[in-house]
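Within every chain, numbering begins at 1; the chains are lettered A, B, ... in the order of the sequence lines, protein sequences first and strands thereafter.
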Amino acid sequence: MSASPELLAEVDRIFREEHGRIVAALARRFGDLDLAEDAAGEALVIALEQWPTNGVPSNPGGWLMTTATHRAIDRIRRESHRDAKHQAALMITDDTPHAPTGPVEDDRLRLTFACCHPALPAEARVALTLRMLGGLTVAEIARGFLVAETAVARRISRAKAKIGAAGIPFRIPDENDVTDRLGGVLDVVHLVFNEGYLAGAGDDPIRSDLTEEAIRLGRMLRSLLPEEGEVAGLLALMLLTDARRAARLEDGELVTLDQQDRGAWNGELIDEGHALVRECLAAVAGGGRPPGRYQLMAAISAVHTDAREATDTDWGQIVQLYDQLYALTPTPIVALNRAVAIAELDGPDVALAIVDRLELGGYHAWHATRADLLRRLGRSADARRAYDAAIEAGENPAERAFLARRRDELG
Amino acid sequence: MTQYMLSVRHAGAYPAMDSPEAQRMFAATGAFTDRLKANGQWVFVGGLQGTETATTIDARGDAPVVTDGVFPESKEHLAGFWVIEAADLDEALKLAAEASKACNDPIEVRPFHSM
């Protein structure tokens with residue numbers, strides 16, 4: 001009996017949901033990420049054999065977990081000459097709970113911190129997180145980031161080898177850790193989201209598989225770390241950005257925020273994002289830690305999505321939030337975005353003076369911002385050169401189409 | 001008495017563990033170590049895993065920076081080392097951050113092969 005497309009889609013959905021949980025539980029139990037991943041994969045194969053005949057079990061997650069655990073134990077028994085593994089197999093009969101090592105007892109969180117460990121190369125953190133927590137295949141990750149499958153496979157296997165060899169632990173970091181480990185995890189998720197939303201090259205201006213996966217990871221972190229303001233901030237930022245997705249493109253061309261049809265924004269996502277931002281503000285006002293950069297970026301997004309019309313935007317508040325963000329992360333890109341808000345508040349000439357001082361000559365958004373400011377100042381010849389430079393430096397096809405039209409409309 | 005570190009410089013891949021070349025190398029280095037022990041010259045010996053297992057931490061600034069791999073600049077040389085025992089890489093990195101501050105140099109953290 002062959003599986004119907006509906007069943008396959010259902011199995012795929014369940015497997016994506018459960019993959020991180022299964023791999024995380026087995027990895028902690030056996031201390032072997034390879035074994036955990038293979039066992040999870042074998043459980044999926046068995047599900048695809050049995051479920052079309054027997055139907056989807058009432059607790060598919062539990063079924064997959066049990067099946068994967070049995071596969072892992074079988075494999076360890078087959079390789080029982082490997083002493084350490086044999087010892088690990090014996091742990092199966094040990095029902096004593098594991099000692100608490102952090103604020104939250106969840107294997108997926110431990111696995112997340114291991115996959116996003118700063119001792120791994122940045123691109124390996126992303127690939128490993130999507131593979132282990134997201135259950136994405138190597139082919140899917142390669143497609144998402146426009147790199148060869150062999151390269152992704154190599155990144156993942158090297159990262160797994162380093163986790164094992166260097167002793168990267170499956171544990172939840174505490175305040176004594178030498179680096180900002182939670183910030184590192186959030187950066188990985190944010191990078192996945194941005195890669196989907198602001199796709200650099202390739203034919204798709206937005207790759208929703210990546211944005212959706214990033215939001216799913218963001219929701220998972222939120223449920224595991226409900227007290228962390230930056231986790232709520234990142235989720236809010238992604239929701240408020242994704243809410244504008246439908247209005248962001250028209251006939252393959254980028255639509256800037258001021259030109260977007262605000263009626264096409266996703267009201268549900270905006271409500272959810274605003275609620276998270278309000279929660280963050282209340283926590284800060286109640287004596288909590290000052291907001292980090294994700295909370296500040298979410299707050300900026302909230303001000304934008306609060307305005308019924310673009311002309312209703314509270315630019316004063318946006319500049320103030322950018323001031324806070326710049327104090328926290330004084331990067332030229334934050335300064336550039338702040339200048340865009342300054343243009344609305346103090347005029348394009350003031351903004352242009354700021355933008356011209358920034359050393360961002362290779363960055364397409366710097367050229368695009370200059371082009372727009374020069375256009376508004378009536379300096380058409382300068383604007384044309386800046387549009388050309390922005391089109392040259394940019395990779396996203398929708399953005400290039402927009403810039404080309406703006407350039408051609410110059411007087 | 002002065003203690004010395006004999007740092008084995010190696011380029012390229014090692015032969016497989018069970019190959020005849022590797023077996024000859026293990027026998028020769030084992031015999032050398034035994035001679036050192038017999039002469040009272042032995043302090044510690046260990047084979048480091050490959051550079052792909054290394055992590056570097058630089059805690060000279062306010063925020064420690066952790067990167068994958070060995071020292072990025074080849075002009076740096078191995079100036080000295082500690083051998084520590086730690087439960088996992090996180091614990092090792094904590095100790096290495098203290099060491100980095102103490103000697104004002106970046107520290108490479110690399111696991112030994114388990115014997």
Side-chain angles (χ1 to χ4, degrees), chain A residues 27-28 31 33 82-85 87 99 101-102 110-128 154-185 187-188 292-293 328-330, chain B residues 10 12-14 16-18 46-73 81-115:
Chain A
R28 196 209 45 194
L33 209 44
R82 293 161 71 175
D83 271 352
K85 297 273 177 57
Q87 292 303 316
T101 52
R110 298 168 201 272
L111 181 61
T112 308
F113 278 111
C115 289
C116 298
H117 200 283
L120 300 172
E123 67 271 15
R125 289 175 224 163
V126 171
L128 199 61
R154 201 163 49 232
R155 276 175 204 172
I156 291 175
S157 67
R158 282 187 183 162
K160 281 192 296 193
K162 180 161 183 184
I163 287 177
I168 289 177
F170 294 95
R171 60 173 271 274
I172 293 159
D174 52 45
E175 294 74 34
N176 299 324
D177 270 273
V178 290
T179 56
D180 173 16
R181 297 286 306 279
L182 179 60
V185 170
D187 289 348
V188 165
R293 64 192 198 95
L328 210 59
T329 49
Chain B
H10 187 83
Y14 274 105
M17 289 286 229
D18 51 5
L48 288 171
Q49 294 199 35
T51 52
E52 73 280 0
T53 65
T55 305
T56 301
I57 182 161
D58 188 348
R60 289 174 294 180
D62 287 340
V65 178
V66 175
T67 43
D68 174 57
V70 297
F71 297 143
E73 290 169 42
F81 77 113
W82 283 271
V83 177
I84 58 158
E85 196 167 71
D88 54 43
L89 183 65
D90 285 353
E91 190 183 320
L93 285 172
K94 277 180 207 173
L95 295 168
E98 291 175 28
S100 174
K101 281 194 197 304
C103 62
N104 198 31
D105 269 319
I107 302 284
E108 180 188 314
V109 181
R110 201 149 22 128
F112 281 90
H113 279 293
S114 49
M115 295 293 176

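- Ranked by heavy-atom pairs under 4.5 Å with chain A, the list A54(B), A86(B), A97(B) is led by A54(B).
- The most heavy-atom pairs under 4.5 Å with chain B, out of A122(A), A166(A), P169(A), come from P169(A).
- For chain A, the option among V66(B), I57(B), V109(B) with the highest count of heavy-atom pairs below 4.5 Å is V66(B).
- Distance check: D88(B) CG to R171(A) CZ gives 6.0 Å after rounding to the nearest 0.5 Å.
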Can T55(B) and H117(A) be said to form a side chain to side chain contact (heavy atoms under 4.5 Å, CB included), step by step? CA-CA 11 Å; T55(B) 305; H117(A) 200 283; 5.9 Å; no
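- For R110(B), the CZ atom counts as densely surrounded, since its 6.0 Å shell holds more than 12 non-hydrogen atoms of other residues, nucleotides or ligands.
- Neither the backbone nor the side chain of A96(B) comes within contact range of chain A; no heavy atoms are under 4.5 Å apart.
- In this structure, chain A has no heavy atom under 4.5 Å from any part of A63(B).
- Between atom CG of residue L93(B) and atom CD1 of residue I168(A) there is a gap of 8.5 Å, rounded to the nearest 0.5 Å.
- Between atom CZ of residue R125(A) and atom CG of residue D68(B) there is a gap of 8.5 Å, rounded to the nearest 0.5 Å.
- Most heavy-atom pairs under 4.5 Å with chain B: of the set D180(A), L120(A), D177(A), this distinction falls to D177(A).
- The two residues A165(A) and T53(B) have their closest heavy-atom pair at CB-CG2, 3.8 Å.
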